[in-house]
Amino acid sequence: MAEINTSGSQAEKQSFSSEIKRLIPILAQTTASLLLSGEKGCGKSFIASSIHRCVSKNPDNFFEINCKSFDQAKSAEAFSKIKAGIGQLAADERATFFIGCINLMSSELQAQLLDFLKVLLRTGKKVKLVTSTEENLEGKIASGLFIEELFYKINSVVLNVPPLRQRRDEIPLLAEYYRRVYSNQTGFNFTGFGDGALAALENYFFAGNIDELKNLVQHAFIVGQPPLIKADDFGIQAGGSLSESTARDLNLPDKSLKSALDAFKKEYVTRILEENGWNQTKTAKILGIQRTYVIRLINELHIQKK
């Protein structure tokens with residue numbers, strides 16, 4: 001197994017965009033399976049689709065299963081459709097099979113997928129297997145929750161994708177991309193970002209990574225007034241990031257990183273709980289964690305309903 005780690009030094013983090021751009025065509029040309037590992041919303045599906053576009057201009061040859069929304073009752077039908085689609089590929093055609101959040105796949109589905117991949121290999125079709133995970137799969141193997149043979153089928157190459165807060169140089173580019181997307185969708189004539197708007201995003205923590213950035217730009221389109229998106233339009237001034245003034249307001253017991261992170265987690269989890277009427281199940285879904293972990297955070301961080 002080859003591992004590509006892009007989360008090392010600060011210099012490596014700053015050059016992440018160019019490094020990924022360099023790696024994508026290389027990864028696309030190999031037949032080795034690729035496992036993308038990283039937090040929720042950090043761009044793993046975008047990397048998978050970019051890899052596909054390097055080898056095929058046909059979007060119909062990109063086959064995807066998202067385990068977060070996958071209907072297990074219809075799994076046999078889904079695998080059958082993918083098998084049929086791949087079977088229709090011409091000899092010179094390339095395809096990509098992307099499985100998102102494979103860490104959420106049940107043991108029964110893992111067994112079905114393993115059998116499916118064995119059949120797929122025998123077809124001789126040119127299919128690039130890309131999977132993504134938000135958890136450590138080795139730990140799930142040790143707990144008996146993930147099939148070891150399947151793990152070795154999917155991780156010939158591992159690419160660790162850092163969270164957006166470690167790739168701040170990408171934030172202006174992504175913000176501009178989503179500005180154009182929502183301009184086209186809504187017809188609202190936002191032509192750019194006003195003074196301080198991009199700086200506000202660059203100083204934000206982004207617990208939800210690219211998904212959260214997209215939501216903030218969409219929020220700006222709803223509440224803002226053209227022609228420029230202002231910092232206030234994102235709605236992140238109160239507790240959006242741990243700036244110096246915010247850190248003072250939090251009354252941290254010390255200046256350790258743990259205290260700062262605990263303070264941020266308490267503020268962020270409290271905000272999500274409030275937005276969802278203190279419904280722990282809904283909060284857990286938004287945060288991408290188990291409900292039991294939400295309860296644990298409430299107890300550990302002494303979160304109280306106001």
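On a predicted model such as this, the values are computed, not experimentally measured, just so you know. Residues: numbered from 1 along the sequence shown.
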Listing request: all salt bridge (Lys or Arg N to Asp or Glu O under 4.0 Å) pairs with a residue in residues 204-225, at least two apart in sequence or in separate chains.
none
The complete set of salt bridge (Lys or Arg N to Asp or Glu O under 4.0 Å) pairs with one or both residues in residues 77-96, sequence neighbours excluded, reads Glu77-Lys81
Who are the side-chain hydrogen bond (donor to acceptor under 3.5 Å, both in side chains) partners of Ser50, not counting sequence neighbours?
Arg53
Can you list every salt bridge (Lys or Arg N to Asp or Glu O under 4.0 Å) pair that touches residues 30-47, not counting sequence neighbours?
Glu39-Arg165
Just jot down the salt bridge (Lys or Arg N to Asp or Glu O under 4.0 Å) partners of Glu149, sequence neighbours excluded, or say none.
Lys118
Does the side chain of Ser33 come under 3.5 Å of the side chain of Ser156 through a donor N or O and an acceptor N or O?
yes
Any chance the rings of Phe98 and Phe63 have centres within less than 6.0 Å?
no
Which residues satisfy the salt bridge (Lys or Arg N to Asp or Glu O under 4.0 Å) test with Lys74, sequence neighbours excluded?
none
Can Glu176 and Arg179 be counted as an ion pair, charged N to O under 4.0 angstrom?
yes
Would you say the rings of Phe97 and Phe116 are close, in the sense that their centroids are separated by under 6.0 Å?
yes
Determine yes or no for a side-chain-to-main-chain donor-acceptor pair under 3.5 angstrom, with Ser132 supplying the side chain and Cys101 the backbone.
yes
Tightest non-hydrogen contact, residues Leu89 and Ala95, listed as CD1-CB, 3.5 Å
Taking atom CG of Leu113 and atom CD1 of Ile65, what is their separation to the nearest 0.5 Å?
7.0 Å
